[in-house]
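Working notes, structure below.
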Amino acid sequence: MEKSKVYYTDFHTRKLGEGLPTKLQLLAKKAGIAELDLDGKFVAIKMHFGELGNIAYLRPNYARAIVDVVKELGGKPFLTDCNTMYPGSRKNALEHLECAWQNGFTPLTVGCPILIGDGLKGTDDIEVPVVGGEYCQTAKIGRAIMDADVFISLTHFKGHESTGFGGTIKNIGMGCGSRAGKKEQHCSGIPHVDEKLCRGCKQCLKECANNGLEYDETTHKMHINETNCVGCGRCLGACNFDAISFNNYNANELLNKRMAEYTKAVVDGRPNFHISLIVDVSPNCDCHAENDLPILPNIGMLASFDPLALDQACVDLCMKAKPMPGSQLDKHLHDPNFCDHHDHFTNSTPESEWKSCLEHAQKIGLGNREYELIEMK
């Protein structure tokens, strides 16, 4: 198989008056976005608007840059994301839009409408066949996303508490899934609580939207209600004492594989293009209502027609970077009792797993892990 082309540029602005949004536009054009037939077409630009309290998400300026390129090429763009499965500011379209506005995404700032892909309550989806799927025969995708003629992803590449990193495949596969689709992807991860480690702080309880956690007032310990738990893993990220873990040792691996299959459902059979920015590399997802110190420095902007090659290139660039002093990753590496996995994402969040996602994505024909990195100065 011929290597996929991935275009890259750093965050230096060498020309006076040429800001990063302009540089992103030049990168997208260099990578071939103009090869897409956008004239008169509805163009979905999938991104993450950030949870309230989190400021690591991509700034609206980057979205506006891509919107302007799409409009220049005759397209009719809209920014989109689907509702979340857990509590927070984005679990229905009204709150989701309010959150986007507060984080700076409005039609005035980004130059196009903002549509929540799976509707008011997260139920407006369509079942899309997954060609070659081993775990999902169909994927439940937000209807507005599938109604678009062209699909573009604009991704903030960062760490993630379950999948190791959140890249293009996660932005598409998990992000385009309706609430039912997200539940389906997470369905292998019923956790358990180690009572010896549980402090009864109830932090995990705040993260559960499905009555999957129960607090015992007698023992002051948390328990899992396996009937209600949907396996989203939010409680794992909320626990500071490592008291919660998945019963299923390969829950993250199965999540990754379903995520890859959902991504294939979204992009199969229609024009698509992908952009990823390795900036403000927070240890956890932008779905958190906070973001910690970045674990890695700002590395660059990348673009490709191949979502898998794009994720692989981002991973490779991250692995070559030095951890940020004082970050979660750096603190782990300086802990004399910590086991160094020689992998920045695993070292940042040891309970996470990411390799199965890229392996399965290649297996089902989503893209190619072999790539040629073409640098734009």
Side-chain angles (χ1 to χ4, degrees), residues 36-38 40-51 63 66-67 70-71 75-86 88-101 105-107 110 112-133 135-155 168-187 209-210 230 232 255 258-274 286-287 307 364 366:
L36 298 171
D37 178 12
L38 301 182
K41 302 293 196 303
F42 291 109
V43 182
I45 302 175
K46 168 63 180 75
M47 66 177 305
H48 195 303
F49 303 123
E51 188 65 37
I66 300 305
V67 165
V70 170
K71 290 165 76 173
K76 299 178 179 179
F78 63 95
L79 298 188
T80 190
D81 197 4
C82 287
N83 292 306
T84 62
M85 184 172 67
Y86 48 79
S89 307
R90 298 174 302 118
K91 59 184 177 293
N92 61 65
L94 299 184
E95 294 178 11
H96 205 154
L97 287 172
E98 179 70 27
C99 175
W101 299 338
F105 297 90
T106 72
V110 300
C112 72
I114 301 171
L115 301 178
I116 303 306
D118 58 346
L120 180 62
K121 297 181 180 180
T123 57
D124 188 15
D125 58 15
I126 181 171
E127 289 204 40
V128 184
V130 180
V131 179
Y135 300 89
C136 307
Q137 300 306 306
T138 61
K140 299 176 180 68
I141 307 298
R143 186 175 298 273
I145 290 169
M146 294 311 301
D147 280 347
D149 303 305
V150 181
F151 180 84
I152 294 174
S153 67
L154 177 59
T155 300
T168 296
I169 292 175
K170 187 171 191 306
N171 182 28
I172 301 172
M174 185 61 67
C176 291
S178 64
R179 296 192 79 188
K182 289 178 171 66
K183 181 176 180 180
E184 182 175 67
Q185 291 176 75
H186 280 293
C187 67
N210 308 285
V230 299
C232 70
L255 166 63
R258 291 190 181 99
M259 209 161 59
E261 295 187 1
Y262 261 62
T263 300
K264 192 166 190 286
V266 172
V267 301
D268 255 1
R270 61 172 170 170
N272 60 93
F273 184 79
H274 311 283
D286 291 342
C287 294
I364 62 175
L366 177 59

Would you give me the side-chain donor-acceptor pairs under 3.5 Å for residues 119-127, sequence neighbours excluded?
from   : atom 1 : to     : atom 2 : distance (Å)
Asp124 : OD1    : Arg143 : NE     : 2.8
Asp125 : OD2    : Ser178 : OG     : 2.7
Glu127 : OE1    : Thr138 : OG1    : 2.6

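- Taking the ring pair (Phe, Tyr, Trp, His ring centres under 6.0 Å) definition, one finds that Tyr135 meets it with His360, sequence neighbours left out.
- The shortest side-chain heavy-atom distance between Pro271 and Asp37 does not fall under the 4.5 Å cut-off.
- No donor-acceptor distance shorter than 3.5 angstrom exists from the side chain of Lys264 to the backbone of Val130, with no hydrogens or angles considered.
- Residue Lys76 places its NZ atom among 12 or fewer non-hydrogen atoms of other residues, nucleotides or ligands, all under 6.0 Å distant.
- The shortest distance between side-chain heavy atoms of Asn272 and Ile172 does not fall below 4.5 Å.
- Side chains of Val267 and His274 form a contact here, defined as non-hydrogen atoms less than 4.5 Å apart.
- Once rounded to the nearest 0.5 Å, the distance linking CD1 of Ile152 with NZ of Lys46 reads 13.5 Å.
- Contact check for Met174 versus Met85: no side-chain heavy atoms found under the 4.5 Å cut-off.
- No hydrogens or angles considered: a donor-acceptor pair under 3.5 Å links the side chains of Glu51 and Ser89.
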Query raised in the report: Taking it one step at a time, do Leu79 and Phe49 satisfy side chain to side chain contact (heavy atoms under 4.5 Å, CB included)?
Result: CA-CA 9 Å; Leu79 298 188; Phe49 303 123; 4.0 Å; yes
Query - Verdict with reasoning, Leu94 to Glu98, per side chain to side chain contact (heavy atoms under 4.5 Å, CB included) - result: CA-CA 6 Å; Leu94 299 184; Glu98 179 70 27; over 6 Å; no
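- Inter-residue side-chain proximity for Arg270 and Met146 is flagged as met; some heavy-atom pair is nearer than 4.5 Å.
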